Chemist: 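Before anything else, here's the structure in question.
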Amino acid sequence: MEKIVGLAKRRGFIFPGSEIYGGLANSWDYGPLGVELKNNIKKLWWERFVHRREDILGIDASIIMNPKIWEASGHLEEFSDKLAECKNCKKRFKAGDIQDETCPACGHRSGFNMEVKDFNLMFQTHLGPVLDNKSIVYLRPETAQGMFVNFKNVLDTARKTLPFGIAQVGKAFRNEITPGNFIFRTREFEQMEIEYFVREKEWQKYFDYWKDEILNWIHAIGINKGRIHMIEIPENERAHYSKRSIDFEYEFPFGQAELYGLAYRGDFDLKNHEKHSGTSLKYRDPETKEEFLPHVIEPTWGFDRSVLAILLDAYEEEIKGKEKRTILHLSPQLSPYKAAVFPLLANKDELVKLARKIYEDLRGNFFVAWDDRGNIGKRYFAQDEIGTPFCITVDFESLEKDDVTVRDRDSTRQERIKISKLEGFLHGKIYNNRRQGT
Ligand code: GAP
């Protein structure tokens, strides 16, 4: 984990948040390479689950919504963690994280007061200039509710028949008592969620279907499925809205923990929003004219946990003799740069000119890096460390034969490719990459 945190900072994937002011409680900012990785994950997800399907539509709802939504969804009442307060130093911890009578903060063995009021995880703020109880609003703790409250709007405008889904990617906020493990648990994070509306009698079929779809996604982004464990969540540990839940846990370096989740939410959300809003959220079957509340299967993907698992899974240190090569074996579709272009020597104008032309042309279609510093070996290593799948070198032969050397990150094999064929070559390698199933 330390190696990933170090690499992420050193190469511009992820920086400590508010760093020049000493940071802010486990917050993290995505840097120039991190935002590319994130955008690539999001693009892949959106293409896979929205653009390539007829039955799922996307939305982008507000983060701050009418506070009645959180009353109806049960979050005001239920979305809380049990607290344990150290009897000595009075510091508070998530009760589930306490192992024995020893305080993780002060080390005293005086035990914990468990009677402390449950702590609601929703962030509160005020709408407008008056700071009274009537102006209290919340930052959404899950993107899901944006989809439930827009269920009718989507249904009326898109005229979908069951089963169909609504997808959303966006920020969620939770005032976690114990954030930590880098970007694993933070107070501000992103989710990629689908609310999939089905007939009640078909819930089991679609629950199984989405279980497979989550596994397929895990494979598509290059995460080793052998490190994934599906855990059936017992009733007393399930979220208040869930009738059945499976967690997809990943073997993180700090232990096996939740990466993604799948829940059968029944008609809990639509029923409660119908009751609290007074608006009918029933679906009308176009053939039988029967009206009823659909049930919901919810696959949910933590965005930041995806980034963490992808980085951890892709990381490799290869030692050959005295040389150590750090490689991020990112799926080419996800890697921030698709290729890097180098002139063999930076002081030979004709090499630089041709390399520059190739670089500019490729940039029309791919995000490409440029590097003309130091020896070629070092430049390769610098790209390997950030996951760039291909390095393109322009040398003296290129000037005569109109070709370049293309070096593959994983095999380090090199082949000469005609400049006129370069774009097609890269496209085939990046987007038809079957090795990782993308
Ligand atoms: N709408 C259902 C829902 O929000 P959840 O299991 O509470 O379910 C979904 O959250 C996903 O969001 C989790 O599987 C996890 O990947 C991610 N997640 C939850 N809390 C997080 C946190 N504090 N920091 C980062 N990711 C988090």
Side-chain angles (χ1 to χ4, degrees), residues 14 17 25-28 30 38 41-42 45 59 61 63 65 69-70 73-75 78-81 94 96-97 119-123 138-149 151 165-196 207 210-211 214-215 217-218 221 223 228-233 237-250 252 254 256-266 268-270 272 296-312:
I14 302 165
N26 279 298
S27 65
W28 301 91
Y30 286 84
K38 263 185 108 173
I41 297 171
K42 184 170 169 177
W45 191 88
I59 64 160
I63 285 172
M65 303 193 284
I69 288 172
W70 306 113
S73 70
H75 282 79
E78 309 273 358
F79 198 57
S80 50
D81 272 344
K94 206 169 159 174
D97 290 348
F119 176 72
N120 193 293
L121 297 180
M122 282 199 293
F123 270 102
Y138 303 91
L139 305 186
R140 66 180 178 199
E142 59 169 5
T143 61
Q145 296 305 324
M147 296 183 264
F148 294 125
V149 299
F151 169 73
I166 307 181
Q168 182 170 210
V169 179
K171 290 256 176 176
F173 301 81
R174 295 180 190 177
N175 201 358
E176 299 280 3
I177 301 162
T178 42
N181 287 323
F182 193 29
I183 52 172
F184 176 80
R185 181 173 289 116
T186 51
R187 294 188 170 112
E188 175 179 343
F189 56 96
E190 278 189 80
Q191 296 181 318
M192 306 184 282
E193 296 199 295
I194 296 172
E195 306 307 325
Y196 200 71
F207 192 89
W210 280 106
K211 192 166 73 182
I214 292 179
L215 288 173
W217 163 261
I218 287 169
I221 55 174
I223 291 179
I228 296 287
H229 303 270
M230 281 190 283
I231 309 291
E232 185 78 43
I233 306 299
E237 289 175 28
R238 288 201 290 262
H240 61 276
Y241 50 72
S242 176
K243 291 180 155 196
R244 187 180 170 196
S245 287
I246 289 180
D247 280 357
F248 293 74
E249 297 191 346
Y250 176 78
F252 289 99
F254 50 85
Q256 192 176 306
E258 181 182 348
L259 172 63
Y260 301 140
L262 176 64
Y264 168 42
R265 295 177 78 129
F268 178 89
D269 301 273
L270 290 183
N272 283 311
V296 172
I297 306 296
E298 179 194 64
T300 174
W301 290 257
F303 203 155
D304 308 82
R305 288 187 194 178
S306 302
V307 172
L308 182 57
I310 286 169
L311 287 176
L312 286 164

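Computed from a predicted structure; not experimentally measured. First listed ligand is number 1; within each ligand, the first listed atom is number 1. Computed from heavy atoms alone, side chains included, the values below leave out hydrogens, waters and symmetry copies.
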Chemist: Could you pull out the closest heavy-atom pair between Lys94 and Ile177, with the gap in Å?
Modeler: N-CG2, 3.7 Å
Chemist: Report the nearest protein non-hydrogen atom to atom 6 (O) of ligand 1: residue, atom name, distance rounded to 0.1 Å.
Modeler: Glu258 OE2, 3.0 Å
Chemist: Kindly say whether Ser27 contributes a backbone atom to a donor-acceptor pair with the side chain of Arg187 at under 3.5 angstrom?
Modeler: no
Chemist: Ring of Phe303, cation from Lys42 - is the NZ or CZ under 6.0 Å from the centre and inside 45° of the axis?
Modeler: no
Chemist: Which atoms of ligand 1 sit under 4.0 Å from any heavy atom of Tyr260?
Modeler: 14 (O)
Chemist: Check this for me: does any side-chain nitrogen of one of Arg174 and Glu142 sit under 4.0 Å from a carboxylate oxygen of the other?
Modeler: no
Chemist: Touching ligand 1 at all, Phe248? Heavy atoms, strictly under 4.0 Å?
Modeler: no
Chemist: With heavy atoms under 4.0 Å as the rule, classify the contact between Tyr241 and ligand 1 as side chain, backbone, both or neither.
Modeler: side chain
Chemist: At under 4.0 Å between heavy atoms, which part of Met147 makes contact with ligand 1: side chain, backbone, both or neither?
Modeler: neither
Chemist: On a heavy-atom basis, I'd like to know which of Glu142, Glu249, Arg185, Arg174 is closest to atom 7 (O) of ligand 1.
Modeler: Arg174
Chemist: Any heavy atom of Thr300 closer to ligand 1 than 4.0 angstrom?
Modeler: yes
Chemist: Would you check, one step at a time, whether the test ring-ring contact (aromatic ring centres under 6.0 Å, His included) holds for Phe182 with Phe184?
Modeler: CA-CA 6 Å; Phe182 193 29; Phe184 176 80; over 10 Å; no
Chemist: Hey, what's the ring geometry for Trp70 with His75, parallel, tilted or perpendicular (30° and 60° as the breaks)?
Modeler: perpendicular
